[in-house]
2 protein chains.
Amino acid sequence: MTVGLRKHKEIQQIKLAVDCIIFGFNDNRLELLLIHRGFEPEIGKWSLIGEFIGNDEDLDDAANRVLYDLSGLQNIYMEQVKTFGKANRDSSGRVVSITYSAMILKSEYNEEQVSKYNAKWFSIDDLPELVFDHKDMVEMAIMRLRRRVRNTPIAFNLLPPKFTLPQLQALYEGILDEAIDKRNFRRKIFQMDFLVKLDEKDMSESRKGAYLYQFDKALYEKEQYFNL
Amino acid sequence: MTVGLRKHKEIQQIKLAVDCIIFGFNDNRLELLLIHRGFEPEIGKWSLIGEFIGNDEDLDDAANRVLYDLSGLQNIYMEQVKTFGKANRDSSGRVVSITYSAMILKSEYNEEQVSKYNAKWFSIDDLPELVFDHKDMVEMAIMRLRRRVRNTPIAFNLLPPKFTLPQLQALYEGILDEAIDKRNFRRKIFQMDFLVKLDEKDMSESRKGAYLYQFDKALYEKEQYFNL
DNA sequence: TCCATAAGTGTTTTTTTTACACTTATGGAT
DNA sequence: ATCCATAAGTGTAAAAAAAACACTTATGGA
């Protein structure tokens with residue numbers, strides 16, 4: 001057996017990639033942006049978007065690059081999810097893939113760019129067949145999102161800067177896939193004291209209109225308490 | 001910008017390694033097994049134990065191999081923690097490292113093997129200076145362990161098959177680094193119904209002696225409820 | 001026989017979570 | 001101008017979970 005980090009014999013021939021699980025929210029459902037794979041193997045199936053990592057590129061930078069290439073968006077919140085590395089996971093060769101999840105606003109991405117990739121949004125409960133182990137990746141990312149969304153304010157990344165409480169609640173219901181009591185939800189939200197109410201209403205969803213709110217990051221940072 | 005997964009230009013020159021964060025429990029403190037680095041760069045500092053991944057080796061297998069080489073232990077519970085991949089994290093070249101955490105019984109590892117690596121146990125609140133970003137890795141693993149230990153029965157991996165409740169409580173206190181009420185702790189443990197009480201006492205820690213218990217995995221699997 | 005030590009055991013209070021129903025503001029139809 | 005339909009907005013009570021708290025018991029050794 002080898003002893004110490006530097007004495008391995010064979011030349012390592014493993015490629016390293018990042019794959020991005022890109023979440024969006026639309027029509028009260030959590031969605032995923034997938035690309036139509038236009039090359040072998042598994043041509044025609046759907047796939048996460050990924051790229052190989054540059055020799056001098058930080059992992060996080062690679063993930064951001066991939067997202068930028070596809071969507072034209074920058075400074076998007078991303079999180080590393082898990083690294084997938086079964087020896088035979090990619091039938092085209094040995095590739096280890098580090099998955100990242102991102103949350104973007106469907107209203108803001110660059111549609112031209114996206115159509116260049118043959119990308120399409122899918123509701124998470126109506127996903128097409130995915131290449132390789134991308135289904136595992138997606139499941140892992142959804143599980144993680146559901147956990148994280150209860151303890152950190154990441155879900156706000158799926159809403160525009162100004163949003164209403166009914167919108168926010170619908171978002172949580174969509175992500176968690178469960179009904180939430182309106183009054184309990186609002187009480188919890190207001191207890192944690194990081195939303196600022198605007199003097200402005202969104203009249204597009206109801207006669208009465210719903211007040212708009214903003215997430216105040218500085219207020220959140222003070223307490224860093226989040227529990228929904 | 002490149003389009004599609006297969007059109008990158010440069011030959012990728014990134015090495016892939018796993019590093020293991022090996023936890024043990026001793027004298028009421030959570031400990032970590034570290035090796036004395038006997039080669040440049042950063043010779044003389046302490047380090048996690050790691051290895052490069054074999055070309056045909058699953059990631060998880062690589063982690064298990066590393067642990068086996070060092071400790072002689074097999075079938076040890078391991079979890080992937082996070083992948084570290086800043087371009088300059090390792091001063092000897094571009095290495096992306098996938099970290100795994102393991103929990104072993106200090107009483108069972110192979111001391112000979114361990115001494116061959118110049119390995120040593122350190123209490124987690126008295127760690128030596130570590131190479132590269134290994135301190136970040138360790139912190140991440142500890143944070144994760146503290147979270148996981150409340151929701152899954154992984155902590156039992158740090159105890160022998162038969163253990164007493166005072167031992168179990170001391171373990172939790174050591175991991176979480178906080179005092180726990182004895183009665184509340186026992187109530188919660190008994191509520192989740194997966195410990196079987198033996199007719200046997202451990203007399204080594206007190207006059208009165210404490211009953212021994214076993215973790216029954218099948219009982220746990222029934223409910224899969226864990227909350228401490 | 002006594003003593004020192006750690007093991008073992010219930011109840012009350014507080015906090016958190018859940019369940020639940022009516023009023024209000026507005027735009028559009030009559 | 002009035003009515004109506006619709007979603008927004010609001011408080012309280014019950015239940016469950018978590019936290020606080022102190023004495024008795026079994027034993028080995030003096």
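Lettering of chains follows the sequences in order, A, B, ..., and the numbering in each one begins at 1. All heavy atoms count here, side chains included; hydrogens, waters and symmetry mates do not.
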Length of the [atom1]-[atom2] vector between [X] and [N], whole Å:
X: A:E205; N: C:dG27; atom1: CD; atom2: P; answer: 15 Å
X: B:D181; N: D:dA18; atom1: CG; atom2: P; answer: 14 Å
X: A:D202; N: D:dA7; atom1: CG; atom2: P; answer: 13 Å
X: A:F185; N: D:dA8; atom1: CZ; atom2: P; answer: 12 Å
X: B:L195; N: C:dG8; atom1: CG; atom2: P; answer: 12 Å
X: A:R186; N: C:dT24; atom1: CZ; atom2: P; answer: 16 Å
X: B:M192; N: D:dA18; atom1: CE; atom2: P; answer: 10 Å
X: B:I180; N: D:dA20; atom1: CD1; atom2: P; answer: 12 Å

Within the side chain of B:E51, is there an N or O that forms a donor-acceptor pair under 3.5 Å with the backbone of B:V18? no
Does B:R89 use its side chain to pair, donor to acceptor, with the backbone of B:V95 at less than 3.5 Å? yes
Classify the side chain of A:K208 versus the base of C:dA25 as yes if they form a donor-acceptor pair under 3.5 Å and no if they do not. no
So, does the side chain of B:K182 form a donor-acceptor pair with the base of C:dG8 at under 3.5 Å? yes
Categorize B:N227 for me: base, sugar-phosphate, or nothing, with a 4.0 angstrom heavy-atom threshold over every strand shown. sugar-phosphate
Have a look at A:K188 and say if it touches a base, only the backbone sugar-phosphate, or nothing, with a 4.0 Å heavy-atom cut-off. sugar-phosphate
Is there a Watson-Crick or G-U wobble partner for [N] with both distances under 3.5 Å, and if so, which one is it?
N: D:dT25; value: C:dA6
N: C:dA19; value: D:dT12
N: D:dA30; value: C:dT1

Examine D:dG29: is either OP1 or OP2 under 4.0 Å from a nitrogen or oxygen in the side chain of B:R207? Give yes or no. no
Can a side chain N or O of A:R183 be found less than 4.0 Å away from OP1 or OP2 on C:dA19? no
Would you mind telling me which of A:Y117, A:F23, A:W121 makes a ring-ring contact (aromatic ring centres under 6.0 Å, His included) with A:Y109? A:W121
Partner of A:F163 under ring-ring contact (aromatic ring centres under 6.0 Å, His included), chosen from A:Y213, A:F25, A:F156: A:F156
Selection from C:dA7, D:dT10, C:dG8 that lies nearest to any side-chain heavy atom of B:S206: C:dA7
Can you figure out which of D:dA20, D:dG9, D:dG11 approaches the side chain of B:R187 most closely? D:dA20
Closer to the 5' end of DNA chain D via nearest nucleotide, is it B:Q191 or A:P166? A:P166
By nearest heavy atom, map B:K201 and B:N184 onto DNA chain D; which one lands nearer the 5' end? B:N184
Output field: ring centroids A:F194/A:F226 closer than 6.0 Å: yes
If we ignore angles and hydrogens, is there a donor and acceptor under 3.5 Å between the side chains of B:D60 and B:Y100? yes
